[in-house]
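Below: one structure, written as structure tokens.
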Amino acid sequence: EVQLVESGGGLVQPGGSLTLSCVASGFPFDDYSIGWFRQVPGKERERVSCVGNSDGSIFYGDSVRGRFTISADSAKNTIYLQMNNLKPEDTAVYYCAADRWLSGTSCSLSYDHWGQGTQVTVSS
């Protein structure tokens, strides 16, 4: 059974940093694309960042490029999202998702497998 478990969310002040983690199980980690997406109630889900573990391809959304960094640790079956210089508009539920066939650069909302999400709130 494919499982994706996110952690690391919380409350942070504007300008602060957080690191999200997503532990994957039930599939060959190195053969999948895995990424981060976020959603605010009432708005569409947004692509944040994805990585293709098979080819190293990386995608960043325009709103996070230069502030967020995605990384993967295949020994731990875990991907991370280092978020720096956080802004109130980064407030959302952050989801981890994975797919065997869609690429990291597509960072597609059609990824097959999704975690339950972790809340990130940026507020003073």
So side-chain hydrogen bond (donor to acceptor under 3.5 Å, both in side chains) across residues 85-97, not counting sequence neighbours, yields Arg38-Asp90, Arg38-Tyr94, Arg67-Asp90
One should read off an interatomic distance between Thr105 OG1 and Ile58 CD1, to the nearest 0.5 angstrom, of 10.5 Å
Check your understanding: Where the side chain of Ser110 meets the backbone of Ser108, is there a donor-acceptor pair that is under 3.5 Å apart?
Key -> no
Contacts satisfying side-chain hydrogen bond (donor to acceptor under 3.5 Å, both in side chains) that involve residues 1-12 (not counting sequence neighbours) are none
Under a side-chain separation threshold of 4.5 Å, the hydrophobic residues clustered together with Val5 are none
Applied to residues 14-25, the side-chain hydrogen bond (donor to acceptor under 3.5 Å, both in side chains) test, sequence neighbours excluded, yields Ser17-Asn84, Thr19-Gln82
For Val40, the hydrophobic cluster (side chain heavy atoms closer than 4.5 Å, chained through members) also holds none
Legend entry - Residues Ser63, Glu46; criterion side chain to side chain contact (heavy atoms under 4.5 Å, CB included); working and verdict: CA-CA 10 Å; Ser63 61; Glu46 178 187 1; 2.9 Å; yes
For Pro14 and Ser124, the nearest pair of non-hydrogen atoms, with its separation, is CD-N, 3.7 Å
To the nearest 0.5 Å, atom CZ of Arg47 lies from atom OG of Ser106 at 7.5 Å
Of all heavy-atom pairs linking Val2 and Phe27, the shortest is CG1-CD2, 3.6 Å
The side chain to side chain contact (heavy atoms under 4.5 Å, CB included) partners of Arg100 (sequence neighbours excluded) come to Asp31, Tyr32
Separation between CZ (Phe68) and OG (Ser49), nearest 0.5 Å, reads 9.5 Å
Any chance the rings of Phe37 and Trp114 have centres within less than 6.0 Å? yes
When rounded to the nearest 0.5 Å, the distance separating OG of Ser103 from CG of Asp55 is 7.5 Å
For Tyr60 and Ile70, the nearest pair of non-hydrogen atoms, with its separation, is OH-N, 2.9 Å
Take Thr118 and Val93 through the test side chain to side chain contact (heavy atoms under 4.5 Å, CB included) and record every step on the way to the result. CA-CA 5 Å; Thr118 185; Val93 178; over 6 Å; no
Looking only at heavy atoms, the pair that brings Ile79 and Gly35 closest together is CD1-N, 4.0 Å
* Asked: Is Gln116 atom CD crowded by more than 12 heavy atoms from other residues, nucleotides or ligands, each under 6.0 Å away?
  -> no
The reported gap from OG in Ser33 to CZ in Phe59 (rounded to nearest 0.5 angstrom) is 12.5 Å
Between the OH atom in Tyr80 and the CH2 atom in Trp36, the distance rounded to the nearest 0.5 Å is 10.5 Å
Sorted by chain and number, sequence neighbours left out, salt bridge (charged side-chain N to carboxylate O under 4.0 Å, His left out) with Asp62 holds for Arg65
Arg45 meets the salt bridge (charged side-chain N to carboxylate O under 4.0 Å, His left out) criterion, sequence neighbours left out, with none
- [ ] Please check if any side-chain donor atom of Ser123 sits under 3.5 Å from a side-chain acceptor atom of Thr121, or the reverse.
- [x] no
Members sharing Val23's hydrophobic cluster, built from side-chain contacts under 4.5 Å between Ile, Leu, Val, Met, Phe, Trp and Tyr, are none
With sequence neighbours left out, the residues meeting side chain to side chain contact (heavy atoms under 4.5 Å, CB included) with Asn53 are Phe29, Ile34, Val51, Ala72
Note: Ala24 and Leu4 closest approach over all heavy atoms is CB-CD2, 3.7 Å
Taken in chain and number order and not counting sequence neighbours, the residues that satisfy salt bridge (charged side-chain N to carboxylate O under 4.0 Å, His left out) with Asp99 are none
Hits for side chain to side chain donor-acceptor pair (under 3.5 Å) against Ser71, two or more places apart or cross-chain, chain-then-number order -> none
